[in-house]
Each structure stands twice: as structure tokens, then as C-alpha cells.
Visitor: 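Handing you a structure now.
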There are 2 protein chains.
Amino acid sequence: MGDLPLVIEGEGRQRILAAAEKLFSDKAFDAVSMNAIALQAGISKANIYHYFPNKDALYLAVLRAASQSLRTLLNDAVDAHGVVVDVLRHFARCHLQALLDRPEWVRLVWREILEKGASRAQEFAEQGFADVFSALVAVLEAGQSRGELRVDFDPALVATLLLGANVFFFQSRDILRHYPHVTFADDPAGYDAGIVEILLRGLIPVSSVDTTSTR
Amino acid sequence: MGDLPLVIEGEGRQRILAAAEKLFSDKAFDAVSMNAIALQAGISKANIYHYFPNKDALYLAVLRAASQSLRTLLNDAVDAHGVVVDVLRHFARCHLQALLDRPEWVRLVWREILEKGASRAQEFAEQGFADVFSALVAVLEAGQSRGELRVDFDPALVATLLLGANVFFFQSRDILRHYPHVTFADDPAGYDAGIVEILLRGLIPVSSVDTTSTR
DNA sequence: GTCTATATTGCGATAGAC
DNA sequence: GTCTATCGCAATATAGAC
């Protein structure tokens, strides 16, 4: 009697989560009906209520899964080796790639931040980005203590600048594409390479840098 | 017969728009009821339908007004004088201040971009940010042709980096506040000053810059 | 122009058969 | 576990008095 496959553990639950993730990443909470989720998952609406007590619980489950998946994806960008400049290049590239690889997750998380504002901010700060942000700060601090980077800048500020550049690129691609000046909208790798290069060397020609002001 | 004041041109319409703007910036489209808008505006629900044919038309009117207001607000950041580095500092500061001064407008426009994706992207690209973006690119190009900035970087890329840093700061303030490393979450002016400083001078110490690779 | 009252639709959630 | 059928309710939108 035991040979029956028992199929996949929680197969129905997974189908529902996948369908809900897709729909919630496209539309806002209220714009996604339980009916639409059931349709997308290929099951009946009432069946969803067998697995989840209500719509809110389903949404939270989707959000939790997305947030966790994003984190594991980004963790690959953390452990890199070599000199600081190479680590930064690698980090930026992996981070942007992670965002572009799973746009649904990013949009889902970002929508939640926009919607709920400060109320859920702490939760996301701990769950979602904490380790990525801290890892980047650590990389920068290491570069400073090794003398590979200047010591008169705030590592957290540079980390924000770099992560923000990637997130903004992800968010604004469709808009940037319409500007004639922009040539990098479809070249994320080139974008990141350019960003890191500018961060490292600055915009001012070396010859005209006032070295006395750095003391 | 003409002395009657005619009161304010479209006063009722303005009240409705203001109320709708406030509510739509806090919640998503479906989460805002016409009843709530009427309550906020201090009029009856049916009266809204006297000025606007349906909920969708009202939302579009709000969006159009917000987008236009944002543009005029940001235009103040464009006209600055002096050497390029000072213009950049001024520009960054004004831009971020404009975002922080009218968070409802920014959130409204950004929510629309998130929701509709590429479909409305072109419209916003032209209406909302085109002139600000172009102005910043022009400033950078001027700096390059005057020899005040390096010539081996893409002005559009730097413009994206700078605008993105400000937008990301605006969007993520509540999250950044929870990180122990971050000291600038409540100091936008200091944030921008630091950003521009890094952009101009780079992260690498001047002494260790390989001047041969710049040719 | 502004209101009250109402028509109508679509939602989340439940009941109960299989 | 999965389904069909339905309840209760809140929402958009309309009708018509004043």
C-alpha cells in the first residue's frame, strides 16, 4: 500500500503560490482576485481556501517566498575574491543580473514597499537587503583599510549609491530606452562596468585634482 | 450683468482633484473608492460624476496634473551658473529637495510606472523627466568640452547614476534608517554632497591612479 | 450643481456534495 | 482535496428630486 507516489509534497500549494506570485507582481493586491488566481493555477477558487485561510495570508506567503528567493540569489554576489576593484565590479554585475533575472520578485517586493511605506520597512530591512548591504559595506571598508581606496568617504553612502544605481536602472529601463542619449538601456553589463569605473576614478581629470585639499 | 464673481474657475473640480491626488498617492487605484474621495473633498459622491465621466478619467486627470507639477518643480534645478562642479552640486540638491517636497506626486507617478510598465513609459519619458535628464546631460557635456571633466565617460550614464541615487534615496529612506551603518537617512543635503564629491573625485587615492591608462 | 436613493456588478468567503 | 453554488457585502455608476 505504500508504493503510491504521494506525488510532490504540497503540490497544490506550490501551484497556488506560483500563480499568485505571477499575478501579484503584475497588479496590486486589490486588483488581483481570488478567482483570477484560481484560474491561473488551474484549480477552483474554493480550493485555495483549503490551503490558505484568506487572501491576506496567501499574499504574505508569496511575499515571504519572494523575499527569501531574492536574498539567496543575491548572496552569490557577496563572496568574491581578489583586489577590491575587481570585487566591486563582480558585485555590481551579479547584483544587477539578479534583479533582471527575477523581475517578478523585485517588482513584488518593491510594490510592497511603496504600498505599506514605513510600516513594513523594518521587516524588509532585516529580511531582504540587510546582508547584501552589509556585505558591500564590508568590501568597501576592507578596501579602505588596505589602502586601495580613499579613506575620506562614507562606505554606507557608496553602497547606497551603487545599489541605487542598479535598482534605478532596473526600474527605469523602459523609460531610459526612449532617450536618444542613452545607449546602455539594453546593455546591463556595460552599464555596471561604466558605473564602477566612474565610482573608482571620478569625473575630474587627474591632472586638475587639487591634491592639497585632501591633506 | 457681468459683475457676478463667477467664483473660482472650476473650484469644485480642483477640490476633487486635490482629494483624489492625496488618496491615490497613498493607496493603489482599486483601494481608493469614489466614496472616500467624495468624503475627503467634502462633497457628495454623485457630484464627482458631474465633473468626471468615471473613475478612470479622474485618475488620469490626477496623474496628468501631478506629472506636470513635478516637471515645473524640477525645472528649478536646471538653471544654475558657475563652474561645472558647483552646478552639479546645486542640481543634485535641488532635485532631491524637489522629490522630498512633494512625496505624493513622486509616489503617484512611480506607482503608475510600476503598475503599467512599459505601456505608459514613453508618455512619462516625454512628459515627466525628459527635460531634466537632458539638462543634466548638457551640463556634463559642457564640463567635458571646457576641460573641467574627463572626456572618457558617458554623460547619459552619469546622469542616470545621479538621478538614480536621488530617487533611490527617496524611495528607500525608511529602510535605510534601520541600518546601523547609515548616518545620512535624515540628512538629504549631506547625502547629496557626499554623492557629488565621490562622483567628482572617485574612490581611488590620487597617488595610486594609473595615469598611463588614460592616455 | 448638488443631493438622496437605488440599480448593478464583482468581490471574498462559506456550505456542502463528491 | 476538489468541486459547484451561493451568501453577504462593498464598490461603481445611474436616476431623478431640489
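Sequence lines set the chain letters: A, B, ... in the order given, protein chains first and strands last, and positions in each chain run from 1.
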Visitor: Can you tell me if CZ on A/R64 sees more than 12 non-hydrogen neighbours from other groups inside 6.0 Å?
Guide: no
Visitor: Can you list the residues that meet the side chain to side chain contact (heavy atoms under 4.5 Å, CB included) rule with B/A38, with sequence neighbours excluded?
Guide: B/K45, B/I48
Visitor: Checking B/A159 now: which residues fulfil side chain to side chain contact (heavy atoms under 4.5 Å, CB included) with it, not counting sequence neighbours?
Guide: B/F133, B/L136, B/V137, B/L140
Visitor: Check the distance between C/dA15's P and A/K45's NZ and give it to me in whole angstrom.
Guide: 14 Å
Visitor: Counting the atoms with a prime plus P, OP1 and OP2 as sugar-phosphate, which does B/S33 contact under 4.0 Å by heavy atoms, base, sugar-phosphate, or nothing?
Guide: sugar-phosphate
Visitor: First contact, last contact: which nucleotides of DNA chain D are these for chain A, 5' to 3', heavy-atom distance under 4.0 Å?
Guide: D/dG1 to D/dT4
Visitor: Please collect all salt bridge (Lys or Arg N to Asp or Glu O under 4.0 Å) contacts where either partner lies in residues 26-37 of chain B, sequence neighbours excluded, each pair once.
Guide: none
Visitor: Is there a donor-acceptor pair under 3.5 Å between the side chain of A/H178 and the backbone N or O of A/D174?
Guide: yes
Visitor: Are B/Y191 and B/F169, when compared by the centres of their aromatic rings, separated by less than 6.0 Å?
Guide: yes
Visitor: Show every salt bridge (Lys or Arg N to Asp or Glu O under 4.0 Å) that has at least one partner inside residues 85-103 of chain A, sequence neighbours left out.
Guide: A/D86-A/R89, A/R89-A/E197
Visitor: Using a heavy-atom distance cut-off of less than 4.0 Å, which residues of residues 47-60 of chain B contact DNA chain D?
Guide: B/Y49, B/N54, B/K55
Visitor: Can you see whether B/Y59 engages B/E112 through a side-chain donor-acceptor pair at a distance of less than 3.5 angstrom?
Guide: yes
